[in-house]
Structures are given as structure tokens and as C-alpha cells.
There are 2 protein chains.
Amino acid sequence: MRIGEVARKTGVKAETIRFYEREGILTAPPRTRSNYRDYGPDEAATLTFIRRARDLGFSMPDVRELLELSNEDDRSCAEVDSLARAHLDQVERKIAALQVMRDELSRMIASCEQYTISDCRIIDTLAASHGP
Amino acid sequence: MRIGEVARKTGVKAETIRFYEREGILTAPPRTRSNYRDYGPDEAATLTFIRRARDLGFSMPDVRELLELSNEDDRSCAEVDSLARAHLDQVERKIAALQVMRDELSRMIASCEQYTISDCRIIDTLAASHGP
DNA sequence: GCTTGACCTTGTAGTGGCTACAAGGTGCAT
DNA sequence: ATGCACCTTGTAGCCACTACAAGGTCAAGC
């Protein structure tokens, strides 16, 4: 199948598929007589795998490693596990950082009484209110 | 004061300060005889403002607008307020998306029993487990 | 006076993970 | 034959920095 069809099936845009090929994360498929990329189901499966991993927030280097590991059937999955745990940890840190942001933004907005800029508690907070 | 000192005082790295100047978000300070940037307290205050806004996750275009608004004392702060609310909204969406990620990662990791790759529930999940 | 080292200057390129665009070729229906 | 959707390549842009190279400046110590 051509790139557009595999794009539709996997939810990975054609431009992104070509990008993955350039980056060496997806092996280059054969070409038709007219030089179109000609994908089979294996490539589609790989792309789905990549998309799922990306949707879960794994970095491209992580995805690369997960793909490599996924081909070594008899190996222990301890590495996969630790990669996933490390990533989960990162996600949790990111959530915590965003929650701090959210809370401060909320407080800031709540304290603003919507008069003029010179009274504005939001501008105040940004300018000097907390910290040295 | 020179760039290094203002960097220490504001928590914005020297390279970043120069970058802000190039981008026009910070006005270029006068220079000493030896061509060093020579900052006063106003520039330091502006940099602190920028850093706080950035720490709260505001984008550079947002910061630019907040800086402009902060100079118009008698204007209503409704715009500031709506900018902050829109940003809070974005932060909340991001948190929600990350929580979805976190939950799925947790489930994936919990289901893995650490045998071999061919049994690995993490690899399975990525390869095909949910969705068409 | 000379060296050392911390600081400053400029400009350019790299990060991640795509995305957009230009300029052209192909395939199929009308 | 004409239109249109699709494909090809290559290059540049996004965000907000960050790193690095190659050199200039200044104060302290010897």
C-alpha cells in the first residue's frame, strides 16, 4: 500500500512516516515502478507501535529501544519494564510541576479584582511579589 | 552592572539575556567603554518579570504582551486576566492529558510479569492491545 | 611587565519531533 | 486532454533556548 493509505491506517501522517524513514527508525520499503513507497502490513504494525509509544509520551530514543527490544522474543523484559518505569516517573514529575503552575496561576487569577493595571495583582505577582 | 551579575540576580542565564535582546523582548542596554553591556535595576526587574512568567509556563508571545500591558498603568487589567485564564486552561488540559498517560503507563507496567519479551504485556500493549 | 583566569564579545549551529512548503511527477476518472 | 488527488525530493521553520568557537578585557598575583 502507498504512504497515504498506511498513514490513514496507522494515524501517522505521511510526512512523519517519511521523517521516520530518514531518521532510520523505520526501514525503507520497496518502491513501485513509479517510485512510490510500497508498504506491507509489517511496516503498518511498526508505525502503530511507534504511534502508541509516542502517544504515551515516550521519547524517540526510547521508542527506538522499545522497537529493538520488541524483536528479541526470548530476552527478559526487565529492560522494557525499567524503561517504562523511568518514563512513568518523568510523567509524574511533569504532572507535579504543572500542578504547581496551575495552583499559582489560580491563586494569581483569584486575587485579581479587575480594576486597572496599576492595581493588578497578576502583574504584581509577576513583577515582585514572591521570592528575593 | 554587567551581564553576569544581572544573570545571577535574576536567575536568567547570560546567554538567554542576550537571546532576549536579539529577539527584541529586552531593550539593548548601554555599553561600557570596553563594549560590555551595562544594566540598571529596571532591566533586572524586567528580567525577573520574564522569568516568573516563563516559570508559570507563559509563552514568549504571552510574555511580550504581559510586558507591554504592565506599562499601561490606567488600562483595565481585563486583558491580563483573560490571558492568564486562557493559559491556566491550557495548563489544565496538559495536566489532564498527562494523567491519561500516567494511568495507562501504570496499568501497562502493573500488568507486566517480567518474564520474556514474547510474553511482555508492555510490548503487547504497544503493538496491538487496544484500538483498531 | 607578564601571566592567569574570570569574565565579556560576536556569530553560528544544534536540540526534539515534527510540519510546511515548493516544484515537480504519476495515476485514474471524466 | 484535463483535472485532481496522490506521490516524490529537498529545504526551511517551529519553540525557547543552549552550546560552542574564537577572540577581547580586566583585575589580581608574581
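Letters A, B, ... mirror the listed sequences (proteins, then strands); counts begin at 1.
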Taking atom P of D:dA5 as reference, at what distance in whole Å does atom CZ of A:Arg8 sit? 13 Å
Which is true for B:Phe58 with a 4.0 Å heavy-atom rule: it touches a base, it touches only sugar-phosphate, or it touches nothing? nothing
After noting the C-alpha distance and the side-chain angles of A:Leu126 and B:Leu56, does the key distance pass the side-chain contact (heavy atoms from CB on, under 4.5 Å) rule? CA-CA 9 Å; A:Leu126 292 172; B:Leu56 287 170; 3.9 Å; yes
So which nucleotide from C:dG17, C:dT9, D:dA16 ends up closest to the side chain of B:Phe19? D:dA16
Could you tell me how far apart B:Asp62 (CG) and D:dC15 (P) are, to the nearest whole angstrom? 12 Å
To the nearest angstrom, how far is B:Arg51 atom CZ from D:dC17 atom C1'? 16 Å
Checking A:Asp73 now: which residues fulfil salt bridge (Lys or Arg N to Asp or Glu O under 4.0 Å) with it, not counting sequence neighbours? none
Nearest-neighbour nucleotide for the A:Ser34 side chain, C:dC8, C:dG27, D:dT8 considered: C:dG27
Nearest whole angstrom, please: distance from the P of C:dT19 to the NZ of A:Lys13. 5 Å
Any residue meeting side chain to side chain donor-acceptor pair (under 3.5 Å) with B:Arg107, in chain and number order, not counting sequence neighbours: none
Tell me the interatomic distance from B:Glu15, atom CD, to C:dT10, atom P, rounded to whole angstroms. 13 Å
Do A:Gln99 and A:Ile95 touch side chain to side chain, with heavy atoms closer than 4.5 Å? yes
side-chain N/O A:Arg31 vs D:dT9 OP1/OP2, d < 4.0 Å: yes
Check every atom of D:dC17, C:dT19, D:dT9 against the side chain of A:Arg18 and return the nucleotide holding the closest atom. D:dT9
Side-chain heavy atoms of B:Arg2 within contact of B:Arg37, under 4.5 Å: no
Under 4.0 Å, heavy atoms only, any strand: does A:Arg2 hit a base, just the sugar-phosphate, or nothing? sugar-phosphate
Which nucleotide in C:dT12, D:dC7, C:dT19 has an atom nearest any side-chain atom of B:Arg22: C:dT12
Donor-acceptor pair under 3.5 Å: do we get one between A:Tyr20's side chain and the base of C:dG17? no
To the nearest angstrom, the CG-C1' distance between B:Asp38 and C:dT9 comes to 15 Å
Of A:Ala14 and B:Met60, the one whose closest nucleotide on DNA chain D sits nearer the 5' end is A:Ala14
Which part of the nucleic acid does B:Arg33 contact within heavy-atom distance under 4.0 Å: base, sugar-phosphate only, or nothing? nothing
Contact between B:Val63 and B:Arg54 at the side-chain level, heavy atoms closer than 4.5 Å - yes or no? yes
How close or far is atom P of C:dC8 from atom CD1 of B:Ile17, stated in whole angstroms? 9 Å
Sub-4.5 Å side-chain heavy-atom contact between B:Arg121 and A:Cys77: no
With heavy atoms under 4.0 Å as the rule, sort B:Arg54 into base, sugar-phosphate or nothing. sugar-phosphate
For A:Asp119 and A:Thr116, does a side-chain donor sit closer than 3.5 Å to a side-chain acceptor? yes
Looking at B:Arg37, does any N or O in its side chain come under 4.0 Å of the phosphate oxygens OP1/OP2 on C:dT10? yes
On the nucleotide D:dA16, are OP1 or OP2 found under 4.0 Å from the side-chain N or O atoms that B:Thr16 carries? no
Kindly say whether, by distance alone, the side chain of A:Tyr36 makes a donor-acceptor pair under 3.5 Å with the base of C:dG27? no
To the nearest angstrom, how far is A:Ile25 atom CD1 from C:dC18 atom C1'? 13 Å
The correct set of residues in residues 85-103 of chain B placing a heavy atom under 4.0 Å from DNA chain D is none
